> 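One structure, as structure tokens, below. Some questions next.
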2 protein chains.
Amino acid sequence: MRLSTKGQYGLRAVVDLADRYGQGPIPLNTVAQREEISEHYLEQLMSQLRKAGIVVSIRGAQGGYQLARPPEEITIAEVIEILEGPIVPVDCLASDDGCSRSTICATQGLWKRLADAMQEVLGSTTLADLVEENQRIRRQSQDGYMYYI
Amino acid sequence: MRLSTKGQYGLRAVVDLADRYGQGPIPLNTVAQREEISEHYLEQLMSQLRKAGIVVSIRGAQGGYQLARPPEEITIAEVIEILEGPIVPVDCLASDDGCSRSTICATQGLWKRLADAMQEVLGSTTLADLVEENQRIRRQSQDGYMYYI
DNA sequence: TCAATCCCAAGTGTTTTACTCGGGATTACA
DNA sequence: TGTAATCCCGAGTAAAACACTTGGGATTGA
């Protein structure tokens, strides 16, 4: 039940872009450095996100990536689905035909409820929400507003 | 974000046992046949569930497995955690120390909310609930109460 | 022109998955 | 007392997924 690094890295990268939305294209290597991700690996993830219409790229010198839409119009569910596939706990929910056991399988209702709960959380959060959270964290650490337990 | 077959098979197997709770030990091969799971593979899963105190085994002829507790006292979350590890979307929530980025990582709050949502669904459903669902399904198909779309 | 950037396909070592295989220990029952 | 039915255990394995790396090519601003 874990996300792979694709989802984690990819999301961190688009949050990074969201944080700089409106500032023109951001080169991939700066994102990779800030987020501590292998540049070439991140490139593959960005390629998927570009084909899916989450980001746009500008080639050549002074080029880079930027969000294709404002941060408040991109949900986390969208980003994760592109990189990890449908947000479901079992395959039989993802495919149309379902599984052969569907008429006798009591667990299917459970998996459906789980999928809905996951979709609810990820679909109701946008990149703008995470940017805001980021800024809150930064403000706190800047104000010395940290609790050392 | 998918369960492996361990979680799916293991859960199906304990639901099968829950369905026959109080009828004495059930040999593994009958469970494996009913649930269409490789017997040797299921054996490994049952071994984990036994060590974790979900099922008890009785060796020798006429032996088998049965639930260690009544179905209404075993949650799905328990079973899945034994077979798949902690129910969290990212590793840094599972370990105590967390990750090095925790103070600057906006996504951590999101993953926490996702983990809570998943735990809520799986922790509030018991084996008894799934047995009931099973019986409902059986009743319906028996009564010809099926919708062919 | 050339350096910065994106674009793309292929290769690679490691880990996980989903099993199989072979045998040993225990116990009810004839 | 034998023997068949069970559980118990460790090792082996083929295939897939993961997390990258490598090596180039195409575009474009200065």
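In this text the structure is predicted, and so the values were computed from the model without any measurement. A note on names: the letters A, B, ... follow the listed sequences, proteins ahead of strands, and every chain is numbered from 1.
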> Between B/R113 and A/E120, is the closest basic N to carboxylate O distance under 4.0 Å?
no

> Without decimals, in angstroms, what is the distance between B/K6 NZ and D/dA16 P?
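Rounding to the nearest Å, NZ of B/K6 and P of D/dA16 are 18 Å apart.
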
> Between C1' on C/dC19 and CD on B/E36, what's the gap in Å once rounded to a whole number?
17 Å

> Give the C-alpha distance, both sets of side-chain angles, the deciding distance and a yes or no for side-chain contact (heavy atoms from CB on, under 4.5 Å) between A/L114 and A/M1.
CA-CA 12 Å; A/L114 182 57; A/M1 289 301 275; 3.9 Å; yes

> CZ of B/R12 versus P of C/dA18: gap in Å, rounded?
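Going from B/R12 (CZ) to C/dA18 (P), I get 13 Å.
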
> Please give, in whole Å, the distance from C/dT16 P to A/M1 CE?
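Going from CE in A/M1 over to P in C/dT16 covers 18 Å.
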
> OH of B/Y9 versus C1' of C/dC19: gap in Å, rounded?
9 Å

> Is there a donor-acceptor contact under 3.5 Å linking the side chains of A/T5 and A/Y41?
yes

> Nucleotide by nucleotide, 5' to 3', does protein get under 4.0 Å of the base (B), only the sugar-phosphate (S), or neither (-) in nucleotides 6-14 of chain D, counting heavy atoms?
BBBB-B---

> Is B/Y9 reachable from B/V79 through a run of I, L, V, M, F, W or Y residues, each pair having side-chain heavy atoms under 4.5 Å apart?
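Looking at the clustering, B/Y9 is in the same group as B/V79.
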
> Rounded to whole Å, please give me the gap between OH in A/Y41 and C1' in C/dA10.
16 Å

> Out of curiosity, B/L3 CG to B/L11 CG, how far, rounded to the nearest 0.5 Å?
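CG of B/L11 is found 8.5 Å from CG of B/L3.
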
> Let me know the distance between CG of A/L45 and P of C/dC6, rounded to the nearest Å.
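To the nearest whole Å, that distance equals 14 Å.
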
> Please tabulate, for side-chain N and O atoms in residues 22-36 of chain A, each donor-acceptor pair with protein atoms closer than 3.5 Å (sequence neighbours left out).
residue : atom : partner : partner atom : Å
A/T30   : OG1  : A/P27   : O            : 2.9
A/R34   : NE   : A/D16   : OD1          : 3.3
A/R34   : NE   : A/D16   : OD2          : 2.9
A/R34   : NH2  : A/D16   : OD1          : 2.7
A/E35   : OE1  : A/R12   : NE           : 3.1
A/E35   : OE1  : B/R101  : NH2          : 3.1
A/E36   : OE2  : B/R101  : NH1          : 2.5

